[in-house]
Structure formats: C-alpha cells, structure tokens
Amino acid sequence: MKSSRCKAFRSAILHLLGDPGHDFPPQQQVEYLEDGVLVVENGHITQIGSADSLLGQLPADCELETFPDQLIIPGLIDTHIHYPQTDMIAAYGEQLLEWLETYTFPTEKQFSDSALAREVADFFLDELLRNGTTTALVFGTVHPASVEAFFSAAEARKLRMIAGKVMMDRNCPSDLQDTPESSYQESKALIEKWHKRGRLLYAVTPRFAPTSSPEQLTKAGQLLREYPDTYLHTHVAENPAEVAWVRELFPTSRSYLDVYQQHGLLQPRSVLAHCLHLDDTDKQCMAESGAAAAFCPSSNLFIGSGLFDLHAAKTWGMRVGLGTDVGAGTSFSLLQTFADAYKTMQLLGNKLSPYQGLYLATLGGAEALYLDDKIGNLVPGKEADFVVLNFRGTPLLERRLQHCHSIHDKLFALMMLGDDRSVAATYILGERCK
C-alpha cells in the first residue's frame, strides 16, 4: 500500500495533541482545522495545516482528494476485542461465567480449523475497517492456527495489529486446554515468527486468572521477560462472581489484580480489559506499573458486569483506552461504543465530553498501547492511518447536524448517533482500503 508519491487530503480535520481532560473547553489539546489539508508521502504524514497555507506549497504532481462536508480524524484504536467471537455477537441472556460456558467455549473450539479461522479473520478485519478501526488489540483462541490466520490476514492488509494465542490450562473444556509448557512453546514460536513483522505485534494472552494455573501464569511472565517489547493481554475484575472465584483459586493474593502482579504480568504494554471492581490499591498499582485498562462499556452493560469509573481511573493516573469487546460488545463501531461510555459516565454522575471520547478512541488508545509515537493523531511523522467521517451518514444525523453550530456539538452528535454508515472512507498508510 505504501506509495512514494505525494498525496494530499482536503477536508475539515480534527485530532488531539494530548489528553483534553474532563474540563470544557480544553484550551491546548484540540486541533481543529475547518478547511484543512493533510499531506502524506511514503505512508506517513508529512504536513498538516490550513488549506490557505498548504495548497500553494504542494508539488505540481501531488494528488489531491477533497471531502466536502466531511471530517478527517485519526484511525480509531480498539484496545480489546475477540475476533473468534464475531459469529456469537448478540447472543442472549447470560452473565460472564455462564457466557463463557454457553457461547464462548463452543464457538472457540472451531478455530483449530485454519480455513475457518482465516475466513472469520478476513470478515473481522473488513468489519473493523468499515467502522473506521485501523488498529486493535485482539484475542485469538488457544489454537496457534487462529493466530496464524489472523496475522496473515492483517499482514495482507498492511495493518498495525496486535494479537496472541490464548493460554488456558484449567477450568475449561479439555479440548480447549493447553499446558504451561505447551502454551509457552507455542507462544514463543508465534512471537519468533510474527512479532514486529511489518506492522504486527504479539501479545502474551492468558485468558484470565481462573483458566490459568499459577504455573502457566509464571510461564507467561517468563515470555514477557524473554521478549520485553511484547504485550500482555488479559481480563481482570469484570464480574463480581468472577472476582469471588479468583479469591478462592488464589487465596494468598491480596486481590484479583495482585494475582497478575505476583506473576510479573503488570508492566508497560500490559492491557487488562474491564477493571470494573478494583480498589484504590489496585488502581495505584495499575498506574505505577504502566499497565493500561481497556474500557469496554458496551460489553459491561450487555453482560451486566458493572460500570467502569473512568474519572477515578484517570484521577489515579491510569492509562485507559476504549474497547468494543466483541462479541460481548454489541458493535464493532467505536462511535457506538463512545455512546455507551457516555451513558456509563452519566450513571456515575460524571460527564464525558466528545473530545475526551475521541481521545480515548485515538491518542489515548495509542498511549495505552505505547504506540503514540506511531499512531493516534495526525502530526507529521505518524503513520497515515485515518478515517473520513460523513456528516450525512444517516438522515437523522444530517438533520441533527443542521442544528449544531460548533465542532464540539457536531462531534458529539456524530459519536452519539453515528455508526458504520458515518464512515465514508478508511485509509491505511495513506491508501484507501474502505
């Protein structure tokens, strides 16, 4: 997809230069160009500025695309999602532990089949791109074939993706179990083959503490020490029944989070989904270790797990990104996920501005993944992954936006009412892929 030729994109442009915080209006971190130009060469952004200042400087052979009445934003970043659960999205009526037994484990058994895994991976990635998501942290299954299929599909699309093989040696069906040693060896082989190959990165992936023995968690920690620039991807404190179960399984640990801390799994590039039922000591540990929380409001509401207190997490200094958590989450759209995040914050008595939502889904997600030197906003030098949003994606949205008189209000309406129909185009390394 990379091209040596100059390409320029003219539209309204919006991105974040830092965390806008919870106060409004944010004075320093929002850059909005009502008539802007984004210049791309060799798959990277080289310039961003007003049309008045940049159009006259473009090389004569620079290709110019114009998007009237639309908005360019950075590519969206999903910090927690399960690609094998694509076909079980919107399954009825269970909370977390019953959900796993009833839907997840039977679905994931199928992913020993490489052909099926590749077909699902292709659909999954196309669906992400259709919704404007250009980077994601992704669960596979226990089968190495599931990860091979996913990485092959992502590599073919030149995507920046992170994924890993599930490690799971107890409290699950026997035909989904590995062992501490086999999970170590299979993960090691996948790391050697795929980590840092092109734009791909590997995540050591114990499903969650109840399905990994202490010996397996120790092996996960060994992988992180041997490959210190890999990721750790798991779940923590999603559901009260799950938390109680972990207390029984690990009686010497102070808390659920402490199980991971004791096994050396909390560090920069550790991403833990949910983090709903953490105490203040846990939140301090998350912040000090450099680990990040994936805030998955749609999933939390759908499974009835609880409400993530974003304000408290940020007060403690935790890194936080937004996650759809498909298939417990009910949409691939991070726009719709923001809408659920906003409602979650309302229930907790706090506000969530559209700028803070955009931050969580772009630069905040990049910071959670320690990729903010490469993606997350549109400053020169970053990889040119970006999305064009359509202000006329649906009749209702078009009508509502006629009554919005600021970019703040337009963005809020887009993030409350928008979905895949609001994504006019998705660009990877400056090339249109949707």
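Nothing here was measured: the structure is a model prediction, and the numbers come from that model.
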Shortest non-hydrogen contact from Asp282 toward Ser255: OD1-OG, 2.7 Å
Atom CG of Leu224 and atom NZ of Lys219: how far apart are they, to the nearest 0.5 Å? 13.0 Å
Given side chains that start at C-beta, do those of Pro354 and His408 come closer than 4.5 Å, heavy atoms only? yes
Using the six-membered ring of Phe150, assess whether NZ or CZ of Arg118 lies under 6.0 Å from its centre and within 45 degrees of the ring axis. no
Note: Lys196-Asp229 ion pair, threshold 4.0 Å (strictly below): yes
In terms of heavy-atom contacts, Glu238 and Ser299 come closest through OE2-OG, 4.1 Å
Closer than 3.5 angstrom, by distance alone: can the side chain of Asp325 be matched with the main-chain N or O of Ala328 as a donor-acceptor pair? no
Find the distance between CZ (Arg160) and CG (Leu369) and round it off to the nearest 0.5 Å. 10.5 Å
Strictly below 4.0 Å, N to O, side chains only: are Glu367 and Arg319 in salt-bridge contact? no
If the threshold is 4.0 Å, N to carboxylate O, is there a salt bridge linking Arg157 and Glu431? no
Within the distance-only criterion (no hydrogens, no angle test), does the side chain of Lys165 pair as donor or acceptor with the backbone N or O of Val142 below 3.5 angstrom? yes
Just so I know, are the side chains of Leu272 and Leu266 near enough to count as touching, which here means a heavy-atom distance under 4.5 Å? yes
Between Glu383 and His44, a side-chain donor and acceptor under 3.5 Å: no
Does some side-chain heavy atom of His80 sit less than 4.5 Å from a side-chain heavy atom of His82? yes
Side chain to side chain donor-acceptor pair (under 3.5 Å) assessment of Ser333 paired with Asp420: CA-CA 6 Å; Ser333 171; Asp420 57 293; over 6 Å; no
Between the side chains of Glu192 and Tyr227, is a donor N or O closer than 3.5 angstrom to an acceptor N or O? yes
Under-4.0 Å salt bridge between Asp385 and Lys158: no
Check Asp372 with Lys382, please: is the shortest side-chain N to carboxylate O separation under 4.0 Å? no
Sorted by first residue and then second, give each ring-ring contact (aromatic ring centres under 6.0 Å, His included) pair with at least one member in residues 169-223; sequence neighbours left out. Phe151-Trp194
Using the rule given for ring-ring contact (aromatic ring centres under 6.0 Å, His included), can you reason through Tyr427 versus Phe9, listing the C-alpha separation, both sets of side-chain angles and the distance that settles it, and then say yes or no? CA-CA 11 Å; Tyr427 284 77; Phe9 305 87; 5.1 Å; yes
Answer yes or no: are there more than 12 heavy-atom neighbours, outside Arg399 itself, under 6.0 Å from its atom CZ? no
Smallest heavy-atom separation, Leu200 atom then Ala154 atom, equals CD2-CB, 3.8 Å
What about the rings of Phe332 and Phe124, do their centers lie closer together than 6.0 Å? yes
Checking Gln29 side chain against Gly18 main chain: does a donor-acceptor pair fall under 3.5 Å? yes
Is the ring centre of Phe139 less than 6.0 Å from the ring centre of His233? yes
Donor-acceptor pair between Asn171 and Thr211 side chains, under 3.5 angstrom: no
Are the side chain of Thr133 and the backbone N or O of Leu129 linked by a donor-acceptor pair below 3.5 Å? no
Would you please say whether a donor-acceptor pair under 3.5 Å links the side chains of Arg247 and Tyr256? no
Side chain Thr135, main chain Ile77, donor-acceptor under 3.5 Å: no
Using 30° and 60° as the class limits, which term best fits the ring planes of His274 and His235: parallel, tilted or perpendicular? parallel
Do Thr179 and Ser182 get their side chains close enough for a donor-acceptor pair, meaning under 3.5 Å? yes
Work out which heavy atom in Gln110 is nearest to a heavy atom in Pro106; give both atom names and the distance. NE2-O, 3.8 Å
Would you say the side chains of Glu398 and Gln402 form a donor-acceptor pair under 3.5 Å? no
So which atom in Asp122 and which in Ala153 form the shortest heavy-atom distance, rounded to 0.1 Å? OD1-CB, 3.4 Å
Using only heavy-atom distances, determine whether the side chains of Gln216 and Ser183 contain a donor-acceptor pair under 3.5 Å. yes
Would Lys314 and Asp19 count as a salt bridge (Lys or Arg N to Asp or Glu O under 4.0 Å) here? Give the steps. CA-CA 10 Å; Lys314 299 298 286 186; Asp19 187 342; 3.2 Å; yes
I'd like to know whether Met416 forms a side chain to side chain contact (heavy atoms under 4.5 Å, CB included) with Tyr342, so could you lay out the CA-CA distance, the side-chain angles of the two residues, the decisive distance to 0.1 Å, and finally the verdict. CA-CA 9 Å; Met416 292 301 296; Tyr342 176 83; 4.0 Å; yes
Can a salt bridge be assigned to the pair Asp69 and Arg392 using a cut-off of 4.0 Å between side-chain N and carboxylate O? yes
For the ring pair His403 and His405, is the centre-to-centre distance below 6.0 Å? no
Measuring from atom CD1 of Ile45 to atom NE2 of His15, what distance do you get when rounded to the nearest 0.5 angstrom? 8.5 Å
In terms of heavy-atom contacts, does CD of Glu34 have more than 12 from other residues, nucleotides or ligands at under 6.0 Å? no
Does the distance from a Lys or Arg side-chain N to an Asp or Glu carboxylate O, for Lys188 and Glu226, drop under 4.0 Å? yes
Looking at Ala121 and Ala149, what are the two nearest heavy atoms and their distance? CB-O, 4.1 Å
Sub-6.0 Å ring centroid separation between Phe111 and Tyr83: yes
Decide whether Ser305 and Asn300 meet the rule of one side-chain donor and one side-chain acceptor closer than 3.5 Å. no
For a quick check under 3.5 Å, do Ser331 and Gln336 share a side-chain donor-acceptor pair by atom type? yes
Please identify each residue that fulfils salt bridge (charged side-chain N to carboxylate O under 4.0 Å, His left out) with Asp78, with sequence neighbours left out. none
I'd like to check Trp245 versus Glu242 (side-chain heavy atoms, cut-off strictly below 4.5 Å). Are they in contact? no
